[in-house]
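Below, chain A is the first sequence line, B the second, and so on; all start at residue 1.
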Amino acid sequence: MGIQLGVLAKQFGLGRLINPEKLRGKIIVVDALVTIYQMLATIRGPDGYFLVDSKGRITSHLVGIFNRECRLMSLGIRSIYVFDGPPLEIKLRVLQRRREEKEKFYGQFLEAVKKGDVDRAIKLGKRAMFVTDELINQTKKLLSLLGIPVVQAPHDAEAQAAYIVKEGNAYAITTRDWDALVYGSPRIIMHWKIIHDPYLPAKLYILDEFLEKLRLTREQLIDLAILLGTDFNPGGFKGIGPKTAYKLIRMYRSLDNLLKHGRIKWIWDVEPDEIRQLFLNPPVTDKYEIEFGTPDEEGIIEFLVEEHDFSPRRVKNRLKEALRGLHRVGKQADLMKFF
DNA sequence: CGCAGCGA
DNA sequence: TCGCTGCGG
């Protein structure tokens, strides 16, 4: 999570502004867990806690995903959600540390809510851990009612998502970090806000363009990422930021050469080549089905309105717009023609 | 996050 | 019609 390629992308003038209208008829892939986190981090009630239904069950993620997906459908854009599988052993240590940190923040977050310190609650809640099986299952249920395909990744969702784009089954990944590009997704879209905001425009980055402008091979991009630090070698190398890392890869051609010449020292248990392989050929599956459906209006009202206390007026309005957008763009066969 | 309701 | 703010559950 969070390979720091932003500085270089900016330096080389990469990324083109993209208007959401331009994505009409296209399919985008998202990392489901990241999306749930993002919604929980930003959608809060007046006390800084999440939105909840009358039984106290969290609904922020449902509100966020429902609004977003209805809006996307109204624009004629379809999504695929990819869920993480069990983490690779090599990633366990980072995840464990991240988990402990997030649990600490979660405790502090609940405390702040109780004390009525709203600002602090909102801040802490962005860093806390709260994705439970219940939240995941609720999300899957909503997605299936909306006719949005769900893909189960064998391990890393981002890697599976990149594979889906590579195979031509989607146009791009929408993401907040650069990992998908290193995983070989031909296109990624960043800073994605559906509402047109001239200050925060969506940017499309094309892998081939990235490699061409930086004059790197895919392998060298991966080596560059490893220099900057990945989930498999967190932190990267002390004193080596984006600019230095790039210079070093251009000069030495590969991570191996850098190590051979003693320019840097490898401090992790795992071998560099193992990490390289995980980005080059990550464990993914082609046993996934992408079938888009039409939102099940009755089922959604039952789920959101009756079970989770959504306003029927809002839900119906959203759905009407979504259905109108889908009608305009047609069925799946038509969607694929837009590539 | 995305929307609705409001005032300029 | 636009930009801002606060609400949604």
- [ ] Grab the two heavy atoms, one from A:I80 and one from A:A170, that are nearest each other, plus how far apart they are.
- [x] CD1-CB, 4.4 Å

Task: Length of the line joining A:L142:CG and C:dG9:P, which is rounded to integer Å - done: 14 Å

Open item on the list: Among residues 42-49 of chain A, which ones have heavy-atom contacts with DNA chain B below 4.0 Å?
Closed with: A:T42, A:I43

Task: Nearest-0.5 Å distance, CD of residue A:Q108 to CG of residue A:D117 - done: 11.5 Å

Task: Whole-Å gap separating P (B:dG2) and CD (A:E321) - done: 14 Å

- [ ] Would you mind reading off the distance between A:L75 atom CG and B:dG2 atom P, rounded to a whole angstrom?
- [x] 11 Å

- [ ] Compare side-chain N and O positions of A:R68 against OP1 and OP2 of B:dG2 and report whether any pair is under 4.0 Å apart.
- [x] yes

TODO: Could you check how far CZ of A:F50 sits from P of C:dG9, rounded to whole Å?
DONE: 17 Å

TODO: May I ask you to evaluate whether A:R318 reaches the phosphate of B:dA4, defined as a side-chain N or O under 4.0 Å from OP1 or OP2?
DONE: yes

Open item on the list: So which atom in A:L14 and which in A:E209 form the shortest heavy-atom distance, rounded to 0.1 Å?
Closed with: CD2-O, 3.9 Å

Task: Distance-minimising heavy-atom pair for A:F232 and A:W268 - done: O-CD1, 4.5 Å

Task: A:N317 CG to B:dG2 P, straight-line distance once rounded to whole Å - done: 18 Å

- [ ] Could you tell me whether A:R99 and A:E103 make a salt bridge, using a distance below 4.0 angstrom between a side-chain N and a carboxylate O?
- [x] yes

- [ ] Nearest whole angstrom, please: distance from the P of B:dG2 to the CG of A:L51.
- [x] 15 Å

- [ ] State which of B:dG5, B:dG2, C:dG9 makes the closest approach to the side chain of A:R71.
- [x] B:dG2

Task: Nearest-angstrom distance from the residue atom CD1 of A:I65 to C1' of C:dG9 - done: 15 Å

TODO: Choose from B:dC1, C:dG9, B:dG5 the nucleotide whose nearest atom is closest to any side-chain atom of A:Q38.
DONE: B:dC1

TODO: Between C:dG8, C:dG9, B:dG5, spot the one nearest the side chain of A:N67, thanks.
DONE: C:dG8

Task: A:K140 atom NZ, over 12 foreign heavy atoms within 6.0 Å - done: yes

Open item on the list: What is the separation between atom NE2 on A:H61 and atom P on B:dC1, rounded to the nearest whole Å?
Closed with: 17 Å

Open item on the list: Atom CZ of residue position A:R57 - does it have more than 12 heavy atoms of other residues, nucleotides or ligands inside 6.0 Å?
Closed with: yes

Open item on the list: Regarding A:S60, tell me which of base, sugar-phosphate or nothing describes its non-hydrogen contacts under 4.0 Å with the strands shown.
Closed with: nothing

